[in-house]
Structure formats: C-alpha cells, structure tokens
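Here is the structure we will look at.
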There are 2 protein chains.
Amino acid sequence: MSVRRRSGTREKVLEVALALANARGLHRVTTAEIAEAARINEGNLYYYFQRKAQIAEALFALFAEATLAVAERAIAAPGDPAAYADYQRGWFRLMWDFRAFYRDATELRAMAPSLREAMQSVSARGQEAVRRVFADMRAHGLMRASDAEIEALVCNIWIVSSYWMDFRGIEAEEELRPEDLAFGQRQVEALYAPYLTASGQAVVRAAAATGGP
Amino acid sequence: MSVRRRSGTREKVLEVALALANARGLHRVTTAEIAEAARINEGNLYYYFQRKAQIAEALFALFAEATLAVAERAIAAPGDPAAYADYQRGWFRLMWDFRAFYRDATELRAMAPSLREAMQSVSARGQEAVRRVFADMRAHGLMRASDAEIEALVCNIWIVSSYWMDFRGIEAEEELRPEDLAFGQRQVEALYAPYLTASGQAVVRAAAATGGP
DNA sequence: GTCTATAATGAGATAGAC
DNA sequence: GTCTATCTCATTATAGAC
C-alpha cells in the first residue's frame, strides 16, 4: 500500500526552491543553496533532479496548474461587482505566490528552453479567460468598451500585472508588504477604470473593500 | 593637438557592447564575445575596462544622457497634437536604441550595483517630464483627467513602455521589426486614449501618421 | 596599446561508497 | 536515498612580453 507515501524530499526541494526563486530569482540561486535550504546534500539533490532546469520545469508545472485554476474559475455571481473583485483577488494572490514566474520569465526560459512553449500556452489561456470576464462585465452593463478596446486592455493588464513588481524593485528576502500588493492592484484598476459604467464602479469599490491578500 | 583623437578602441568596445546587450542582454554576453566583436584581444579589453561592470556603467552614462535629452526636450508647439506625437516618437526611438536598459534593468543592477541609484534618478526625472507633458496637454484642452488619474497613468505608461518588448518575447539577433514597435506604440496609446478630449484624439492620429521609427 | 598566456573562481554535474 | 569527493567547464580577471 501507499506506494506514493515516500520521504517527501522532492516536495521539500520544490518548496524551498520556490521560496528562494520568489525572493531572488531561480537563476540567481545555486543548487548548493537549494540543497542547504532543503537540509539535504547537494549530491542528493541531483538524485531527484538531474539538471537544475528540471527544478524549473517542476515548479512551472505547479504554476501552470494554479494559473489555470485562477484564470478559468467561473465568476461566482455574474453581474455582481463583488464577484469580479473576488476574481481579481485570485489573480493577485497567484501573482504573489509565484512571483518568480512573472518577474523572471525570461531568465527561466533561458534556463529551461522547454518552458517557452508552455509559458506561451498558459499566457494565452490566461488572457483569453480575462477577455471573457470583461466581455461578461460588458454584457452585464458594468463596462462599456469596444472589442478592440478590450483587446488592448487585456494586453496592458497582462503587462502591468506581470511587471509591476519588477517596476517597484522589490528586492531580496523582503517579506510580503501589503502596500506593495495594493500598489499593483491600484495600477491594474486604473487600466480598466475608464471603461467602467456607473454601476461598474462598484467593482473597484468592492476590490478596495476586500483589499489585502 | 587633438589630445582626444585616440584610437577609438574604447568607443568601438562600447558600440559593440551595446549592440550585443540590446540583442541578448549584457549579463548573457561574455567579455570574450565583446572583445571578439570589437576585433581586439580580451586582454586588451581589460586595458580599457578593468571590470565588466565598468562597461555597464559607461553604457548607462550614454543611456542616461540620451534619456534626459528625450524626456526634457520642450514640446515644439504646445497645443499642437503633432508636437506631442513627435515627443512620443522620441521616446520610442530611445526605447529601441537602448532596449537593454529597459528589458534587463534588474540584471544590470545586479552586475553593477552602483547603477541602482542612477537608474532611480533617471527614471524619476523621466516620469516627472512625462507628467508635465500630460499636464500641458490638459492645459491645452487635449486631455481631461484628474491629478490622481495622471499619476496612475504615468506609472502605467512607464511600466508598459519598459516591458512591452519583454512581453512580446523579442529574442536573440532579430532585426528591428516595425510591426513590433507599432505594437508598443498602440499599447501605450491605449493607456492614455480614454483621457483624450475630442481635439486630443488628433494626437493619436498624428502618431499613427508619423508611424515608423 | 595590444597581445599571449594563465590564474582564480564559482557553478553545474557525476561517481561511487554507505 | 543520502552522502563525500571530485570533475568539468565557462567566465572573469591578471601578469608580463612585445
């Protein structure tokens, strides 16, 4: 029985690797550091991951699963502003939990070229999901925008969401600072705010109310 | 005479280093590659730059000068939409010429920590200049926006301007593709378009007319 | 100023004992 | 599965001849 109940070393490695990657970027973290943080020997690390790139790939698998779950979760109560604010909160939570994949995407691709296609796919599905949410808001009279405007908006939301942390220059082992997440949230809201109808304004108010992470 | 008219080797090094940095990022370019591209020996490279970081610093000095020239150039004809489109074109030209400093700012800081402060200073002055241009547009009836809206707008413009190339995943030795610059331009225009007055729309039309780089 | 070595480092990765 | 010991390799940097 319980063939899968093994040591858990592999999981521990991924856990500390993600923490280190989020703090400093996986490309700036050595295998020696990961092993030390996981409290195992470096040689043992290579028993589980024959290449450093395989760590990146395993972490990405977790990220992809989490992203699609957030992106494609149905809006709980279509037409209710609070539901869209909730949806947005899911994205910000994800962004923080896997900030390495937002901030260091280019370096991760360089480290594990196999991620290139996978990243594109996840990004495309994520953007498509956001596009549908805006169309949904429009259908419910919360937003007024042309298809072309929504298109450009989704792109800009993706860019600002992906890079606001880098822009803020978040560094090293700093802890989660609620003000920082709030900054990103405000910048993203500023992107779609001009397209909200009078009743749509409630989305931003609901987001502000549910505020922190 | 002409004490300054020396071999030009130093200038040649900076020239090829910038080209390589723009193509692949300075942190992914070795001193051996730079020397080879400059057609000098690696030892000779170290005669001019004792540390690789000094190359980054010298390039940044060029970038800073160019940035401030673009940012703080006066609007030729205040109130004329074409003049603002022209101003915007200056920024996109700069972005392309020094795209390494937009795309790889984090890695450049890691390579030459002394750049940290300098980058912040240039960024702050650049944003302040853009803020003033929007205030100017508003004063001339081309834009309608509150101070808070302009504040968030400037931030988002800075983020999208800085990272749209990374978002597009421009890679390796690819040549300048006009479509790519046009993409960035459209995304930036989409940011401020909602705040333009009827007469302000002409800014976007003028930018489209002057199109390419 | 420019070159030919060559040192010094640091990181990823492997072999094989336990 | 885990460890110790070691290898390989790329890259930055230096010494010193020309």
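Letters go in sequence order (proteins before strands), and every chain restarts at 1. Predicted model, so just to flag it, every value in this text is computed and none were measured.
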Starting at atom [atom1] of [X], determine the distance to atom [atom2] of [N], rounded to an integer number of angstrom.
X        : N       : atom1 : atom2 : answer
Leu45(B) : dC3(C)  : CG    : P     : 11 Å
Arg28(A) : dA11(C) : CZ    : P     : 13 Å
Tyr48(B) : dA13(D) : OH    : P     : 18 Å
Arg39(A) : dC3(D)  : CZ    : P     : 11 Å
Glu11(B) : dG1(C)  : CD    : P     : 11 Å
Phe49(A) : dG1(D)  : CZ    : P     : 13 Å

Are [X] and [Y] close enough that a side-chain donor and a side-chain acceptor fall under 3.5 Å?
X         : Y         : answer
Asn44(A)  : Thr9(A)   : no
Ser123(A) : Gln127(A) : yes
Glu11(A)  : Tyr48(A)  : no

Indicate whether OP1 or OP2 belonging to [N] is found under 4.0 Å from a side-chain N or O atom of [X].
X        : N       : result
Asn44(B) : dT2(C)  : yes
Thr31(B) : dT11(D) : no
Thr30(A) : dA11(C) : no
Thr9(A)  : dT2(D)  : yes
Tyr47(B) : dT2(C)  : no

- Euclidean distance, Trp96(A) CH2 relative to Met165(A) CE, rounded to 0.5 Å: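 Met165(A) atom CE to Trp96(A) atom CH2 measures 6.5 Å (nearest 0.5 Å).
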
- Assign the ring pair Trp158(B) / Trp91(B) to parallel, tilted or perpendicular, where the plane angle (0 to 90°) is split at 30° and 60°.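 Geometry flag for Trp91(B) against Trp158(B): perpendicular rings.
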
Distances for protein N/O vs nucleotides 14-18 of chain C N/O pairs under 3.5 angstrom?
unit_1  : atom_1 : unit_2   : atom_2 : d
dT14(C) : OP1    : Arg51(A) : NH2    : 3.2

- Query: Nearest to the side chain of Lys52(B) - dC3(D), dG12(C), dA13(D)?
  - Reply: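 Looking only at heavy atoms from C-beta outward on Lys52(B), the closest nucleotide is dA13(D).
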
- Residues in ring pair (Phe, Tyr, Trp, His ring centres under 6.0 Å) contact with Phe49(A), at least two apart in sequence or another chain: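 Testing Phe49(A) for ring pair (Phe, Tyr, Trp, His ring centres under 6.0 Å), a comparison that skips the adjacent residues, returns none.
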
- Lys/Arg N to Asp/Glu carboxylate O, Arg24(B) vs Glu33(B), below 4.0 Å: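 Here Arg24(B) pairs with Glu33(B) in a salt bridge, since their nearest N and O are under 4.0 Å apart.
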
